[in-house]
J.: 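Take this structure, written in structure tokens, and hold onto it; I'll ask about it next.
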Amino acid sequence: MNLLSQNKAFGGLHQRFEHHSSALKCTMKFAIFLPPQALVNGEISQQKSFKVPSLYWLSGLTCTDENFMQKAGAMKIAAELGIAIIAPDTSPRGDGVPDDENASYDMGLGAGFYVNATQAPWREHYQMYDYVVTELPQLIEASLPISAKRAISGHSMGGHGALTIGLKNTDNYSSISAFSPIANPVNCPWGEKALTAYLGSDRSTWASYDSAQLLANYPKNATKLPILVDQGKADDFLDVQLKPEALTEAAKSANYPLQLRLHEGYDHSYFFIATFIDEHLRFHHQHLNADMSS
């Protein structure tokens with residue numbers, strides 16, 4: 001990993017790194033906030049006793065690793081709770097990485113949808129699922145004072161990623177949360193466009209990347225991670241793209257304890273995220289602590 005920048009914040013460190021990704025076959029950037037509990041005299045500790053749990057934050061369409069760290073106001077409460085925040089990029093990037101031929105914002109660069117693409121020209125680089133689930137955690141936990149205790153969250157496209165990844169990898173995470181997630185991508189324009197391109201026209205291959213369908217078909221005896229979802233009722237994308245009611249119906253049919261909160265007057269922006277991010281971090285802290293004591 002090559003350190004690109006470092007800033008002190010709330011007694012901890014905000015850092016940006018780049019590294020070569022074998023999963024994505026390109027150079028990737030990510031951001032991390034290390035809380036003061038991971039430091040000794042302001043320096044990164046290599047002692048096992050100073051390892052801290054982490055929250056993976058998956059951002060939405062057009063975003064990079066920088067949006068959440070600069071706009072959400074999450075570092076103060078993360079420093080208080082002793083949680084590292086890890087923000088990957090939203091897609092592979094670089095020379096030779098394909099982009100949408102029409103330069104659409106909802107396909108290609110900045111729009112990886114956290115899937116493993118199977119179709120040309122995307123399949124060589126667009127393996128964001130493997131990158132987030134396996135490669136990046138292994139790299140970070142081998143290099144920085146980060147434990148294997150993880151939670152996962154995200155916004156919009158990233159909320160879709162957090163829900164699908166968390167539901168399919170219950171051994172990897174203690175809890176899941178999302179802001180304004182694309183809850184039922186197999187039945188919305190954003191999802192149909194991206195999943196057709198990345199996975200092909202056989203819709204049966206899409207189900208494993210649809211959180212509503214994953215919940216509806218959730219195995220009865222499988223581990224049920226706690227899930228918190230916040231959705232603004234003034235969100236311009238609410239009815240056509242996000243479809244939170246599909247999550248609620250699926251959770252009810254599977255008897256899954258989903259907590260979905262609707263908020264009057266809030267939209268799709270980072271103002272909404274900043275309003276409720278403290279509650280999400282405290283939610284994850286509760287379950288990370290329970291996981292560590294079990």
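In this text, all values refer to a predicted model and were calculated from it rather than measured experimentally. Positions are given from 1, in the same order as the sequence printed here.
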J.: Is the closest side-chain heavy-atom distance between I44 and Q15 below 4.5 Å?
T.: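 Yes, at least one pair of side-chain atoms sits under 4.5 Å.
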J.: Side chains of R150 and L55: does their closest heavy-atom pair fall under 4.5 Å?
T.: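 In short, these two side chains do not touch, never coming nearer than 4.5 Å.
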J.: Just wondering, do H285 and I83 contact through their side chains at under 4.5 Å, heavy atoms?
T.: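 They are in side-chain contact.
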J.: Crowded around K193 NZ? As in, over 12 foreign heavy atoms under 6.0 Å?
T.: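 Atom NZ in K193 is crowded, with more than 12 foreign heavy atoms closer than 6.0 Å.
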J.: Under 3.5 Å, side-chain donor or acceptor atoms of residues 214-222 against the rest of the protein: list the pairs with distances, not counting sequence neighbours.
T.:
residue : atom : partner : partner atom : Å
N217    : ND2  : Q213    : O            : 3.0
Y218    : OH   : T223    : O            : 2.3

J.: Does the side chain of I77 reach to within under 4.5 Å of the side chain of I277, using non-hydrogen atoms?
T.: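 Not in contact.
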J.: What pairs with N187 under side chain to side chain donor-acceptor pair (under 3.5 Å), at least two apart in sequence or on another chain?
T.: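 N187: side chain to side chain donor-acceptor pair (under 3.5 Å) contacts with N184.
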J.: Would you say H160 and D210 are linked by a side-chain donor-acceptor pair, where the criterion is simply a distance under 3.5 Å?
T.: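 No - no donor-acceptor pair under 3.5 Å links their side chains.
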J.: Is there a side chain to side chain donor-acceptor pair (under 3.5 Å) between S269 and K71? Walk through the geometry before answering.
T.: CA-CA 10 Å; S269 71; K71 295 181 178 181; over 6 Å; no
J.: Do S175 and H284 have side-chain atoms, one donor and one acceptor, less than 3.5 Å apart?
T.: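 On atom types as modelled, these side chains qualify, holding a pair under 3.5 Å.
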J.: Can a salt bridge be assigned to the pair D89 and R93 using a cut-off of 4.0 Å between side-chain N and carboxylate O?
T.: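 So D89 pairs with R93 through a salt bridge.
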J.: Within a strict 4.5 Å, meaning less than it, do heavy atoms of the Q70 and Y270 side chains meet?
T.: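 No; the side chains remain at least 4.5 Å from each other.
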J.: Taking ring-ring contact (aromatic ring centres under 6.0 Å, His included) as the test, write out the residues that go with F276, two or more places apart.
T.: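 Applying ring-ring contact (aromatic ring centres under 6.0 Å, His included) to F276 gives H263, Y266, F272.
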J.: Look at the aromatic rings of Y56 and Y173 and report parallel, tilted or perpendicular, splitting at 30° and 60°.
T.: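 Aromatic pair Y56/Y173 classed perpendicular.
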J.: Could you tell me if the ring centre of Y129 sits under 6.0 Å from that of Y114?
T.: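 No, the ring centres sit 6.0 Å or more apart.
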J.: Run the numbers on W190 and F237 for ring pair (Phe, Tyr, Trp, His ring centres under 6.0 Å), then give the verdict.
T.: CA-CA 10 Å; W190 276 341; F237 305 111; 4.8 Å; yes
